[in-house]
Structure formats: structure tokens, C-alpha cells
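Notes follow the structure.
Side chains included, hydrogens not; waters and symmetry mates left out as well; all remaining heavy atoms used.
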Amino acid sequence: MTVPEQLIARSNALGADPRNTNYAGGNTSAKGAVTDPVTGSPTDVLWVKGSGGDLGTLKESGLAVLRLDRLRALVDVYPGVEREDEMVAAFDYCLHGRGGAAPSIDTAMHGLVEASHVDHLHPDSGIALATAADGPALTKECFGDRVAWVDWRRPGFQLGLDIAAVKAANPQAIGVILGGHGITAWGATSEECERNSLEIIRTAEKFLADRGKAEPFGPVVPGFEALPEAERRARAAALAPVVRGLASTDQRVVGHYTDSEVVLEFLSREKLAPLAALGTSCPDHFLRTKVRPLVVDLPASAPVEDVVARLKELHAEYRDEYRAYYERYATPDSPAMRGADPAIVLVPGVGMFSFGKDKQTARVAGEFYVNAINVMRGAEAVSTYAPIPESEKFRIEYWALEEAKLQRMPEPKPLAGRIALVTGAGSGIGKAIAQRLAAEGACVAIADLNGDAAAEVAAEIGGTAVTADVTDAAAVQAAVDATVLAFGGIDLVVNNAGLSISKPLLETTERDWDLQHDVMAKGSFLVAQAAAKAMVAQGIGGDIVYISSKNSVFAGPNNVAYGAAKADQAHQVRLLAAELGAHGIRVNGVNPDGVVQGSGIFAGGWGAQRAAVYGVPEEKLGEFYAQRTILKREVLPEHVAAAVFALTGGDLTHTTGLHVPVDAGVAAAFLR
């Protein structure tokens, strides 16, 4: 394998095991010679993981490539630690050719250390030693002289110089523990480097296990034990919209719920509050989890309404404390405060809610806090947890380089941060709506009576699937609960589930009538009711959209049960718009007609029935519908989806109680 191929293989192997490093954390490098295409001479270069990305999925395109001679020449022009941020811009002048990915702040660490291969990782076991109050002594006890200690320093050029100096002074060492941060290892070959990294990680794990005390977090506090799973999940579903609404005070966020044993055990212990107050230490951790979490201080048995009231009090206190933290350390050059809401909320007996701009960011924030729990356990097992000072955390959280990275992020999509539930989304119009909402940035729950179809659509768009019969109130509530547990809350509901039976009055059975009204009239009511309850608890508004029909206002032939059910839906839009507006919840409708292609309803027999009514072949039904319209155009599922997006995408913020026709123009169905 080439040197870059060896580096990718090592990176992927290390990144595949969460014991070695957290998601998108750490970086790896290799040095080697290439032929300079200008001079034809061999040139030493550094391949190093670029800014961003994840070791487990790293590809060669994610590597930055720099000329080693120019990178090391920066030592001669280094202006000192007070101006070390300037060195990041200098890396661009060291790139080989186009240079690949953008170099990260850790590039100096890899380039200045005299070793062909270098790994910088964030293993929980290594950070536990790095954050222990007597970390240097423990490192010596654990590793002897095979691993050295480097005092805390913010990532940057000076840290690279520090590590290089420690390596030069300790030629027998295979790596270092970076105070408050993580580990760095090296080797003459890629295999040796990986072996040394794993030796440090596994040796630290064994040391903590063998030497550590049994209950590092203290005894269990009576009443703070984990609730039984069913009760725990039900309480989490009730609390999630409230927590997300509070966490969205400054900016709407998506949530993730975790009730793993690691989390629940930590929440039940005596040291929960004091350890949580100390916050996390590794820069990768607190950049995603914020300086500290919000911790509910009530037992698991407390009534839900008491927990809600306490959450609101604690949230107000958290915001005041975060603003005070910002004002303590901000300088005239500091970026503006980005928001004072917590990214992690811990509820004893229930679990952890984590938040971010999208689902992945929220999930990763939760994973990082689990890493932090493991770190605290390890440090407390052999010593006392002593993370880096709060002032240092601020320097990194509001680092000009971090701010510049945030400013380079692309503009969010229109529905970014929005959470949608679409019923009947396993096929046809519902599927098209789910696809469009996801494409516009929403997190989407796919609800359908056909669980396999729902799962297929969810897998396609990166959503979550729910098997749901909308005629069953318990199933509907379960679908809403599943949505809020998957994403933290609910903002947008599309009542699309439906079916059609085309019969004249004298042939319409009571069962035909009940079935269509149960699915569309009653089903829409149940979904709107359950969703509105969560939206009201959330307190940040929302959208409910009914996919009604042209038939809600048009008296078509042989259509009494379907038309009456659609008229019921249409009037629910008006009634709920009037009722829910006080909560910022907008309710609107879409009236499609003649959506034949891709329609589950038409494929299920409705198409054949309507074709018989109009005396046309079933395969020509779409064309027939198009020709009777003003625009002479066939209506497709994506046209209905476009109307849903138009109503919810942010341009019609002052519109509620509206029905949008998507029928290519049917004069008899014009709204009056």
C-alpha cells in the first residue's frame, strides 16, 4: 500500500472502535516522499486528517497534504503563543499542490513531532488520566517511562512544539498523555504507530479497572434510580417536547434521547450534581455539550407536572449562569454569545436529552456526554476529576478560529430544525411529501399502516418509521411519542392517511361510510389532537396540514362517503386554525384532485372505480382528469408535496385556515 493508503487503513481501524476515539475526534498523519512535479525531485510531505471529518470513515480526499520543509520552517517565524492563531493561515502556504482538505489546528502537532506516523486520539481511558487531579503521577505509575505527560495547552502551534520537545527528551516513549485533553502516539511505521496507540489505550483501561474503586460516583441516592423501561419511556415522551421547547429559546434545535445504562447509573448517584457542575474537559466534548449540562434535581418519582415546573426554573437559572460565564471571560474581541440554552439536559430516572442543529449533531452531543461520563468515572475511580479551568473552556468555545469555522458553514435549509410527522407516508402523496420535507431539511417520521413500506421510505430519507393505524387513539399517541423520542419534539404534522371507496348512495354500506370516516375524519382528528398536545407543551408553535380533496367542496358522482369525509377534514382545518392560533400553531389544508400516478388510493381500486364512473380505461384516467382541468395538466404527488412545503417553508408565516387547491384548475371546486 502507498503511505496515504496505509494512513487511511489505520485511521479507519482506530476510528471504528469508540473506545479509541469519539466521533469526528482526533486526527492521524503520515510522512513520506513524493516526486515534485515541478522539479522532478523527491519532496517530503505530510498527509494529515483535515479539518472536520471522522477517522472511522476517512477517505483520501479528507487528507491535507503539506510540504514538510515549509511546515517546519514556520518554527522560525512563529510569533509566540499570544499570536499562534496566525499560524493556521500560514499552513495554506505550506500546501503541496492544491493540498487536499483544509489543514486543522492540530497540523503542527503532526508535522513537528519527529516520527513518520502520528496518532492523536480522544479515548475515554486516556482522558480519564488526563483529567485526574494527580494525572502526571498516575501516568508515571500506569506507563513507567513509555508514556510521558504534557501539561494542558490549548490545541495549536505551541502544543505541537511542546509535544515535539517532550518526545525529543524521552526517546524511549511511545506517546504522551495530554493534560485535560487526550493522547498522542507515534511510530516508525503505520503498524507500529497503531500498535502504540492501542497499547496506551488498553493499558490505561486496565489500570483504571484494576486500581479503581468500585463506586466512583458514590452510592445510589434513594428515589433517583432508573424507572422501569415502559414508565421511563412514557415519561421521556411527556417531557421531551417541554425540554426541547426550552432548549430552543434562542435557536430551534433537534433532540436526541438516551437512556443507556451508563447514563441512568450516573444520574442515580450521589456525585451527579457536583461532577456535572464541573463540566467536560476534552475540547471536542464541551464544544458539543456546552460548558456544563442542566441537571434536574428531583427524584424519578416526582409528578410530571412538578418536573416540568422545575425544568422551567432551572432553565431560567441556566441561562442566567451561562450569560454570567460569558461576561466573566469575554473580551472586546470575543464573538457574540451564541445562545444560552443547554445542549445536554439530565433527568434522573429518565435519561439524557441532547440537542443540536440537526439529528446527527444532537446524537453526537449525547455520545460525547457519555464519553464525558466515562471520563469522570475513570478519573474519580483513581483520583479526583479535575477538568481544565472554566476560563480555558471559554477560550476554546469562543475561539476566533472556531467562530470562523462556524461562519463557513452553509446556510441552513428552510426546514432545518423542524420535526415532521406524515401519516400515510409509505406510498403515493404521503411519500412524496415526506421526501420533499426531508429534502428541505426537516427530520421526518414516516407513519403508515404498512410498516414495511414506512421503513423503506424512512431508510431512503434518513427518517424514522412508525407503524400506525390512525383510527386507533393509542396507536396515534404511540406514533407521536415515537416521533418526539426520535427527534425531541414535533413541529409539523401532515394528515395524509386516507382511502377511497367509490359507490352511489344506494350501494354505500354502513361499513363503507364508517371506514372512510374513521380513517380520514376521525383519524385526522386523533392525529391533530395528539400532535397539538405536544406542540402546546413545546411552546414554539407548529404547523398542521390536512391533505383534503377537491371533493371536499365539489359534489362528484358516486362519492358520498369519501366526499363527506373530506368535507369533514376541510372544516377541521377551519375549526383548529381558530382554536390553535393562540399557541402559534397554524392549520392549513391542501385540496388535490386526480393524483393518479404513484397513488396508493388509485392503485387500491379507487382508480378502477372512478374510471368506470367516467367510462374511460383505467390507464387513461390521469389524462382524463387533466383534460377536464383549466390548465390541462396532470397532477402528480410531487405537486401536492410542493404545496405542503409552500405552506410550511417559512414564507407564509401569517397564513392559517387556508385551503390550497392543487387540481390544475377545477372551476366547480373554486372556493367561495
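Looking at S248, its side chain does come within 3.5 Å of a backbone N or O of V253 through a donor-acceptor pair. Not a single donor-acceptor pair under 3.5 Å links the side chain of N495 to the backbone N or O of V527. Looking only at distances, no side-chain donor or acceptor of T483 sits under 3.5 Å from a matching main-chain atom of L421.
Residues forming a salt bridge (charged side-chain N to carboxylate O under 4.0 Å, His left out) with E265 (at least two apart in sequence, or on another chain): R269, R377. K550 is linked by a salt bridge (charged side-chain N to carboxylate O under 4.0 Å, His left out) to D593, counting only residues two or more places apart in sequence or in another chain. Remark: S548 engages no residue in a side chain to side chain donor-acceptor pair (under 3.5 Å) (not counting sequence neighbours). Residues that satisfy the salt bridge (charged side-chain N to carboxylate O under 4.0 Å, His left out) test with E367, not counting sequence neighbours, are R363. Judged as a salt bridge (charged side-chain N to carboxylate O under 4.0 Å, His left out), and not counting sequence neighbours, the contacts of D341 are R319.
Sorted by first and then second residue, the salt bridge (Lys or Arg N to Asp or Glu O under 4.0 Å) pairs with a member in residues 562-591 read D543-R586; sequence neighbours excluded. The salt bridge (Lys or Arg N to Asp or Glu O under 4.0 Å) contacts involving residues 427-446 comprise R436-E440, where partners must be two or more places apart or lie in separate chains. Sorted by first and then second residue, the salt bridge (Lys or Arg N to Asp or Glu O under 4.0 Å) pairs involving residues 223-240 (not counting sequence neighbours) are R232-D259, R233-D259. Among residues at least two apart or in separate chains, there is no ring pair (Phe, Tyr, Trp, His ring centres under 6.0 Å) pair with a member in residues 453-481. Annotation: ring pair (Phe, Tyr, Trp, His ring centres under 6.0 Å) contacts involving residues 227-260, sequence neighbours excluded, comprise Y257-F353.
Between the OG1 atom of T423 and the CE atom of M520 there is a distance of 11.5 Å, given to the nearest 0.5 Å.
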Which donor-acceptor pairs under 3.5 Å do side chains of residues 443-451 form with protein atoms, sequence neighbours excluded?
| unit_1 | atom_1 | unit_2 | atom_2 | d |
| --- | --- | --- | --- | --- |
| D448 | OD1 | N450 | N | 2.8 |
| D448 | OD2 | A425 | N | 3.4 |
| D448 | OD2 | G426 | N | 2.7 |
| N450 | OD1 | D452 | N | 3.1 |
| N450 | OD1 | A453 | N | 3.0 |

Donor-acceptor pairs under 3.5 angstrom involving side-chain atoms of residues 635-654: please list them, not counting sequence neighbours.
| unit_1 | atom_1 | unit_2 | atom_2 | d |
| --- | --- | --- | --- | --- |
| H639 | ND1 | L636 | N | 2.9 |
| T648 | OG1 | V644 | O | 2.9 |

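Among L658, V660, V553, the one residue that satisfies the side chain to side chain contact (heavy atoms under 4.5 Å, CB included) test with L671 is V553.
Counting heavy atoms of neighbouring residues, nucleotides and ligands inside a 6.0 Å radius, atom CZ of R633 does not exceed 12 of them.
Using modelled atom types, one finds a donor on one side chain and an acceptor on the other under 3.5 Å when comparing N551 with N559.
The aromatic rings of Y625 and Y614 sit perpendicular to each other, their planes meeting at more than 60°, with 30° as the lower class boundary.
Electrostatic pairing of D518 and R511 does not count as a salt bridge here, judged by no charged N lying under 4.0 Å from a carboxylate O.
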